[in-house]
Amino acid sequence: MKRAILAALGFATGFAAPVAAEEIKVGLLLPFSGVYASLGNDIEAGFNLAIEQFGGETDATFEIVREDTEVKPPVALGKAKKLILQDNVDVMAGIVSSGVLGAVRDMVHGAGVPLIVANAGNDEATGADCSPYITRMSFSNGQVNRPMGTWMYDQGIRKVFTLAPDYAAGRQMIDAFAATFTAAGGEIVGQEFTPFQKTQDFGPYLTQAKSSGAEAVFVFYAGGEAISFVKQYDSFGLKSDLPLYGSGFLTSPLYVEAEGPAAEGVITALHYVPTIDTPANKSFAEAFAAATGRVPSEYAVQGYDAARALIEATKAGATDRETLANALRQVSFEGPRGQMSIDPATNNVVQPIYVYETVAGEKGLTQKVLAQLPAEADPTNGCEMAPVSN
Ligand code: PHB
């Protein structure tokens, strides 16, 4: 930011007149309360870290207005409306729940305000409901879960019972897994969707899984629900007879320590693990640990890369809603996950997926990578994207 401040004060050399720093107003829409509150906090920590580290590379400065979406689509819609109409933000970032993303999509598209999605995997937002104003730096629900169906079949597993919360993300993640698992020859022997944000006792569902004839269980749970689920699965004594698999959010480094030994041996897949052995990831992990005292999670990296994308867009000269939307779709940079790029057909990020096992390490639980599956772009899923206009 130093360059921007110097320019504003008239210290820029080589120019006849000082260049005014462009102030970009950013609306950060995240859950700071409810079952996904810790996810929102981690995304914000990653976002702020990137602004701190890379903000000086652009002449733009950033004013951030943060709003709590809770995990309630109607609340989030009200907050998005306030950011767009009252605060007049240039760009929005965040959104954790697929339900929230589905609720704000039409308003974002209609108002023409760019949105950088920093978590919510809702397939439709980069599929049938895609928009040139929505760019996703996180993942899609299909992208994270498709590879696991084939991988588990290849491990010799033939019969699986699935569980997930009953809302868009739970249904899409399980559908994606089930599609590739059954296409490979596997069978889904039972499937339940648990009331989202309301299920405290998973016992009845675990009893069903046990008597289903399954050889393994595949689930999606995140945040507070993941902690309760993993602990209950273990205390039910199921783990040894019926191994637990899932989306990697189940055992996120953000809360795996709260799950404790119950998480050991659980095998999941995700687009980021903090153990990726590259200089870019190591320096990110060190800086994030210095700032927060935590190992970075997928949520942290998503917030970090969302802010990086915004910085890159302003470096390319974008200053307002229209130019930011266009530039965001074209960003590419090397981040902790590797070389980041956006698929122009959908505006979803392209990235590899890691299958990892949660194991005991020297300093607590850690992620042992079992397989790295090649970077994959999503199918267009009905997206008819307007071409990038410059
Ligand atoms: C989602 O609702 O899209 C969602 C929420 C939490 C996660 C992943 C996806 O960890």
Side-chain angles (χ1 to χ4, degrees), residues 29-44 46 69-73 75-77 93-105 115-127 129 134 136-146 148 163-177 193-197 199 218-230 246-256 258-259 263 266 268-273 296-303 305-306 348-349 351 353-354 356 358 367 378 381:
L29 270 172
L30 288 169
F32 296 113
S33 54
V35 284
Y36 290 159
S38 63
L39 286 59
N41 284 322
D42 224 36
I43 291 171
E44 185 180 37
T69 57
E70 307 175 33
V71 191
K72 295 183 182 150
V75 170
L77 186 59
I95 315 264
V96 162
S97 154
S98 282
V100 165
L101 182 53
V104 303
R105 184 269 170 204
L115 167 66
I116 311 168
V117 179
N119 186 69
N122 195 329
D123 291 325
E124 287 165 6
T126 50
D129 286 339
I134 299 177
R136 182 155 46 204
M137 294 306 295
S138 47
F139 60 88
S140 75
N141 293 331
Q143 186 180 42
V144 170
N145 292 282
R146 265 194 316 268
M148 223 19 192
L163 275 169
D166 189 8
Y167 81 109
R171 294 203 169 253
Q172 292 176 3
M173 297 215 193
I174 296 301
D175 282 356
F177 164 77
F193 291 95
T194 56
F196 182 38
Q197 309 186 70
T199 308
F218 181 90
V219 307
F220 159 67
Y221 286 105
E225 290 196 326
I227 299 171
S228 320
F229 182 83
V230 168
S247 292
F249 310 104
L250 185 67
T251 46
S252 171
L254 179 59
Y255 37 77
V256 75
E259 295 169 352
V266 178
T268 58
L270 210 53
H271 52 292
Y272 176 73
V273 282
S297 70
E298 62 280 16
Y299 308 112
V301 85
Q302 290 163 189
D305 286 344
N348 192 49
V349 58
Q351 58 194 342
I353 300 297
Y354 301 88
Y356 74 91
T358 298
Q367 299 74 27
D378 267 348
N381 286 330

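Values reported hereafter were calculated over all heavy atoms of this structure, with side chains retained and with hydrogens, waters and symmetry mates removed. Numbering starts at 1 and runs along the sequence shown. Start at 1 and go down the list; that is how both ligands and their atoms are numbered.
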Quick one: which ligand 1 atoms are inside 4.0 Å of a heavy atom on [X]?
X    : answer
A120 : 3 (O)
V96  : 1 (C), 2 (O), 3 (O), 4 (C), 5 (C)
Y299 : 7 (C), 10 (O)
A222 : 6 (C), 7 (C), 10 (O)
A169 : 1 (C), 2 (O), 3 (O)

Worksheet item: Side-chain donor-acceptor pair under 3.5 Å between E298 and S252, yes or no?
Response: yes
Item to complete: Ignoring hydrogens and angles, state whether a donor on the side chain of T251 or Y356 is under 3.5 Å from an acceptor on the partner side chain.
Response: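 Per modelled atom types, T251 and Y356 side chains form a pair under 3.5 Å.
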Worksheet item: Among protein heavy atoms, which lies nearest atom 2 (O) of ligand 1, and at what distance?
Response: Y167 OH, 2.5 Å
Part of [X] within contact of ligand 1 (heavy atoms, under 4.0 Å):
X    : result
S98  : both
L101 : neither
F139 : side chain
M173 : side chain

Worksheet item: Among N119, N122, D123, N141, which one satisfies side-chain hydrogen bond (donor to acceptor under 3.5 Å, both in side chains) with S98?
Response: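 One option only clears the test, and that one is N141.
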Worksheet entry | Non-hydrogen atoms of P195 and E225 that approach each other most closely |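 The answer is O-OE2, 4.1 Å.
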Item to complete: May I ask you to check whether Y36 and F196 place their ring centers less than 6.0 Å from one another?
Response: yes
Worksheet item: Which of these, N119, V71, L270, L254, has its nearest heavy atom closest to atom 7 (C) of ligand 1?
Response: N119
Fill in: Geometric class of the Y299/Y255 ring pair [parallel <30°, tilted 30-60°, perpendicular >60°]
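The arrangement is tilted - the two ring planes meet at 30° to 60°.
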Worksheet item: According to the interplanar angle, ranging from 0 to 90°, do the rings of F229 and Y221 count as parallel (below 30°), tilted (30 to 60°) or perpendicular (above 60°)?
Response: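 Ring orientation, 0 to 90° scale: parallel.
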Discussion item. If I apply the N/O under 3.5 Å rule, does Y36 come out as touching ligand 1?
Written reply: no
Discussion item. Treating Q143 as the side-chain partner and V349 as the backbone partner, does any N or O pair qualify as donor plus acceptor under 3.5 Å?
Written reply: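 A pair under 3.5 Å: yes.
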